[in-house]
Amino acid sequence: QREMLDQLQSTMAVIEGYSEHVMDAIGAEIDPGYLEMRDRVEAVRDNQGTLASIISRLLGMEMKMRQYRQGKAFCDEVVERDGLEALNLVWSEPAAMPDSTELGQPTLWLARVG
């Protein structure tokens, strides 16, 4: 069950990261100020107070935000290295999804599926 949970979390991170990657790419094309706004939103998220941080942990939001960031970092690195076509391989079959190790080291995933 632990292995299945790890794979589910990795899959969710990729789904969320892919969405964020595409949103950022389109946002930057549509509005040159988009990336600056995105950076400001991230800064606000990162600088929450102690009480907000405790509440976030209790509600599981901290883990969710970590998932977003890890998934986005994975997607951004894959696209930077090999392009969007390479990233789209995650949708080719269930076995193409990265595992938790590959999620943190996209080059391992690229070597396996690319």
How far apart are the closest heavy atoms of Ser10 and Pro98, and which atoms are they? CB-O, 3.4 Å
Side chain to side chain donor-acceptor pair (under 3.5 Å) contacts touching residues 21-37 (sequence neighbours left out): His21-Asp76, Asp24-Tyr34, Asp24-Arg38, Asp24-Lys72, Glu36-Arg40
Non-neighbouring partners of Leu5 that pass side chain to side chain contact (heavy atoms under 4.5 Å, CB included), sequence neighbours left out: Arg2, Gln9
Single-linkage hydrophobic cluster Met23~Leu35, side-chain heavy atoms < 4.5 angstrom: yes
For residues 82-93, run the donor-acceptor check on the side chains, cut-off 3.5 Å, and write out each pair with its distance to 0.1 Å, sequence neighbours left out.
unit_1	atom_1	unit_2	atom_2	d
Asn88	OD1	Tyr18	OH	2.5
Asn88	ND2	Leu84	O	3.4
Ser92	OG	Leu89	O	2.7

Sorted by first residue and then second, give each ring pair (Phe, Tyr, Trp, His ring centres under 6.0 Å) pair with at least one member in residues 94-114; sequence neighbours left out. Phe74-Trp109
Between atom CE of Met12 and atom CD of Glu16, what is the distance when rounded to the nearest 0.5 Å? 4.5 Å
Hphob cluster co-occupancy, Met97 + Met4, side-chain heavy atoms under 4.5 angstrom: no
So, taking the atom named CG in Leu103 and the one named CD in Glu77, what distance separates them when rounded to the nearest 0.5 Å? 11.0 Å
Once rounded to the nearest 0.5 Å, what's the spacing between atom CD of Gln67 and atom CD of Gln70? 8.0 Å
Under the side chain to side chain donor-acceptor pair (under 3.5 Å) definition, can you give me all pairs with a residue in residues 96-106, not counting sequence neighbours? Glu102-Arg112
